[in-house]
Amino acid sequence: MAGGAREVLTLQLGHFAGFVGAHWWNQQDAALGRTADAQEAPAELCPDVLYRTGRETCTPRLIVLDLKGSLNSLKKDGGLYGDSELDAAIAWQGKLTTHKEETDPKNPNIQDYTSAEGVPHSDGVWRAKAVRNGKEDSIRVWSDFLRVHLHPRSVCVIHKYNHDGETGRLEAFGQGESILKEPRYLEELEDRLHFYTEECDYLQGFQVLCDLHDGFSGVGAKTAELLQDEYSGRGIITWGLLPGPCHLGEHQKNVYRLLNTVFGLVHLATSSSFVCPLSVSRDLGLRPKPPVNFPYLHYDATLPFHSGAILATALDTVTVPFRLHSSPVSMAQLADMLSFSGRKVVTADAIIPFPLVPGQSLPDTLLQLGDTIPWTPLSACGDPAGTQCFAQSVVLRGIDRTCHTSSLTPGAPLPSTLHACASGKEVLAQYLEQQQPRVTSSSHLLLTPCMVAPPYPNLFSSFRQPGMALESPSRHVAVQNIPVFGALRSSSSMFRTLRSLAEELSRLDLRRWASFLDAGVEQDDKEELLQELHSLAHHYREGESLSD
């Protein structure tokens with residue numbers, strides 16, 4: 001692999017982070033295969049940013065923290081070089097007794113799913129084999145569908161807490177914080193960090209995929225604090241992940257979800273370059289609301305296999321700026337643009353897939369979108385309509401070069417000023433200027449699509465291979481790649497979100513939640529947390545004031 005890449009180390013903290021991460025790494029692996037097979041690949045994205053070259057193959061530059069019982073069939077050493085601990089023990093010439101715990105068998109249902117490559121029909125549609133009907137419901141752990149090999153130093157299991165069962169759960173922020181106060185876990189994390197960072201030539205920073213809804217919120221906060229202390233000047237971008245919407249009748253779980261989310265956001269914003277919550281939920285608070293809607297997707301928000309795939313697709317798009325081969329935007333530069341004036345919490349939006357139909361040009365499609373881009377919000381911060389955008393980073397990917405500009409015959413009347421643009425980049429930049437005048441914007445237009453080959457779930461209700469929306473819907477369509485429109489924004493919607501969280505928190509009596517208090521969070525922390533929420537929200541004000 002080529003040298004000189006500005007490397008990024010990824011950390012996945014928590015089980016839902018594992019679902020998002022597994023889809024993310026499958027997409028990177030599929031993109032690597034596509035680049036290797038293509039005769040004239042554009043090579044717009046640099047895999048060296050995320051991957052390291054190992055003894056036998058390239059592996060993700062990745063550290064995973066999850067709980068006991070969460071790995072299922074995945075070996076702790078990643079299964080790449082064999083049993084590293086057993087190999088080391090063989091060097092001992094004395095008497096040796098080996099006790100080895102058997103891993104759980106691979107989920108048999110996913111075997112059919114990973115082989116569902118789809119069959120092309122005469123109408124150009126790829127229709128997948130029928131693998132739904134409950135089989136996706138059986139995917140309980142992310143290792144079931146992870147297709148890439150991990151390095152033996154990637155996986156770290158926290159044996160103190162259980163993944164399954166009603167006892168020994170990592171439920172609270174304080175519990176998560178206390179894990180990295182224990183020398184054995186802190187030293188293990190530091191050793192793995194040093195292993196990866198010391199082999200980097202141009203380390204630009206870290207991206208942290210962290211569960212916000214449970215005790216991994218506290219693990220993430222301590223991890224970000226450690227990275228800030230030990231790697232000053234590097235970018236630290238944290239993606240705070242939450243699974244599908246909360247449910248009525250589970251008040252205690254919903255309160256814990258709220259408390260963990262609030263504590264996590266405030267502490268992660270302090271230690272990270274910026275933090276971005278990601279969820280298919282519409283709200284970060286206690287009130288259950290329907291999940292967000294994608295016009296061209298049919299998904300079950302209660303399945304982490306589905307919601308994780310959608311969030312990974314958005315993540316694969318909005319992280320493009322710091323993964324480019326040419327003219328990349330570093331993590332630090334991206335953060336400086338989005339988080340100025342103390343706005344350390346940003347939001348994400350996406351159009352999945354971007355609805356370009358056969359025969360249309362990019363100016364045609366953008367014009368049809370209308371005066372307001374139909375973004376689907378992915379940060380559980382409510383409807384962004386009517387809010388002010390302070391800065392944005394926008395990526396449109398997967399659009400063929402022949403579609404970038406207008407295909408109208410010379411002399412024909414132009415439907416819009418976009419049709420007069422000489423390049424796709426000019427089209428996109430001018431469109432964003434029309435939509436968000438006087439907003440600091442960064443935009444990228446890529447030929448490289450987002451890969452959605454199996455085991456990515458079959459969510460597409462209306463699509464044509466290789467990445468064009470169908471004019472008439474067709475069910476059970478499997479595609480290999482799609483165009484995606486994604487954005488990261490510093491927006492005043494965060495003012496409303498933080499204010500709402502502060503109001504809900506102010507009504508809670510933390511003394512009622514004994515286990516949360518036993519986990520190191522005290523009643524006095526509530527007032528401090530409210531002050532920090534107010535302070536953070538203040539940076540997003542638009543002539544409004546936070547209510548007490």
Side-chain angles (χ1 to χ4, degrees), residues 16 19-20 23-24 27 239-246 276-284 288-320 338 345-357 365-366 368-387 389 392-399 428 431-432 435-436 443 449-450 452 456-463 467 469-470 473 477 479 481-494 496-497:
F16 185 60
F19 271 87
V20 177
H23 280 299
W24 155 276
Q27 288 176 317
W239 310 102
L241 304 170
L242 298 103
C246 51
C276 177
L278 288 175
S279 179
V280 296
S281 298
R282 293 182 185 270
D283 192 275
L284 292 174
K289 293 182 179 179
V292 296
N293 177 60
F294 289 87
Y296 296 104
L297 300 183
H298 285 277
Y299 76 102
D300 185 344
T302 65
L303 297 181
F305 184 58
H306 282 193
S307 57
I310 293 172
L311 297 183
T313 300
L315 195 61
D316 190 32
T317 299
V318 298
T319 57
V320 156
L338 292 173
V345 186
V346 305
T347 61
D349 307 276
I351 301 178
I352 305 173
F354 183 71
L356 185 71
V357 301
T365 304
L366 293 175
Q368 289 178 1
L369 292 180
D371 295 334
T372 303
I373 305 177
W375 297 108
T376 298
L378 288 174
S379 291
C381 294
D383 186 357
T387 60
C389 177
Q392 62 181 354
S393 170
V394 178
V395 176
L396 176 57
R397 59 185 304 185
I399 305 299
L428 181 58
Y431 178 68
L432 294 174
Q435 296 292 314
Q436 303 279 3
S443 62
C450 190
V452 291
Y456 195 99
N458 301 319
L459 308 179
F460 305 99
S461 61
S462 174
F463 222 65
L470 286 171
V477 178
V479 295
N481 56 75
I482 58 171
V484 178
F485 203 11
L488 291 175
R489 287 199 177 84
S490 175
S491 167
S492 64
S493 64
M494 193 52 61
R496 297 183 314 202
T497 298

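The residues of the chain are indexed from 1 along the displayed sequence.
Between the side chain of Arg397 and the backbone N or O of Gly486, no donor-acceptor pair lies under 3.5 Å. With His23 contributing its side chain and Phe305 its backbone, the two residues share a donor-acceptor pair below 3.5 Å. The closest donor-acceptor contact from the side chain of Ser379 to the backbone of Thr347 lies at 3.5 Å or more, if one exists at all.
For Thr313 and Tyr456, the side-chain atoms include at least one donor-acceptor pair closer than 3.5 Å.
Using a 4.5 Å heavy-atom cutoff, the side chains of Ile482 and Cys450 are in contact. The shortest distance between side-chain heavy atoms of Leu241 and Phe19 does not fall below 4.5 Å. Residues Pro449 and Pro483 are not in side-chain contact: their nearest non-hydrogen atoms beyond the backbone lie 4.5 Å or more apart. Here the side chains of Ile352 and Tyr296 are not in contact, with every heavy-atom distance at 4.5 Å or above.
Residues Asp349 and Pro377 share a closest heavy-atom pair of OD1-CA, 3.4 Å. Shortest non-hydrogen contact noted between Val318 and Trp239 is CG2-CH2, 4.1 Å. Across all non-hydrogen atoms, the minimal contact from Asp316 to Val320 is O-CG2, 3.6 Å. Residue Pro243 comes nearest to Ser279 through the heavy atom pair O-OG, 3.4 Å, listed as atom of the first residue, atom of the second, then distance. Summarising the geometry of Ala350 relative to Phe294, their closest heavy-atom pair is O-CE2, 4.3 Å, with the distance given to 0.1 Å.
The distance from atom CZ of Arg282 to atom OG1 of Thr376, rounded to the nearest 0.5 Å, is 8.5 Å. Ser491 contributes atom OG, which lies 11.5 Å from atom CG of Leu338 (distance to the nearest 0.5 angstrom). Atom CD1 in Ile373 sits 7.0 Å away from atom CD in Gln436 (nearest 0.5 Å). Of the inter-residue distances, the one linking Leu369 atom CG with Phe354 atom CZ reads 5.5 Å to the nearest 0.5 angstrom. Note that the CG atom of Leu428 and the OG atom of Ser443 stand 4.5 Å from one another [nearest 0.5 Å]. Separating the CD1 atom in Ile310 from the CG atom in Leu278 is a distance of 12.0 Å, to the nearest 0.5 Å.
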Next on the checklist: Checking Cys381 against Met494 for the side-chain contact (heavy atoms from CB on, under 4.5 Å) test, could you report, in this order, the C-alpha distance in whole Å, the side-chain angles of both residues, the deciding distance, and whether it holds?
Outcome noted: CA-CA 7 Å; Cys381 294; Met494 193 52 61; 3.5 Å; yes
Checklist entry - Passes side-chain contact (heavy atoms from CB on, under 4.5 Å), Tyr299 versus Val280? Steps please. => result CA-CA 10 Å; Tyr299 76 102; Val280 296; 3.6 Å; yes
Next on the checklist: Using side-chain contact (heavy atoms from CB on, under 4.5 Å), reason through Leu297 and His306 one step at a time and then give a plain yes or no.
Outcome noted: CA-CA 10 Å; Leu297 300 183; His306 282 193; over 6 Å; no
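The residue from Leu396, Val394, Val484, Ile351 that alone fulfils the side chain to side chain contact (heavy atoms under 4.5 Å, CB included) condition with Thr317 is Val484.
Taking the six-membered ring where tryptophan is involved, the planes of Trp375 and Phe485 are tilted, since the angle between them lies from 30° to 60°.
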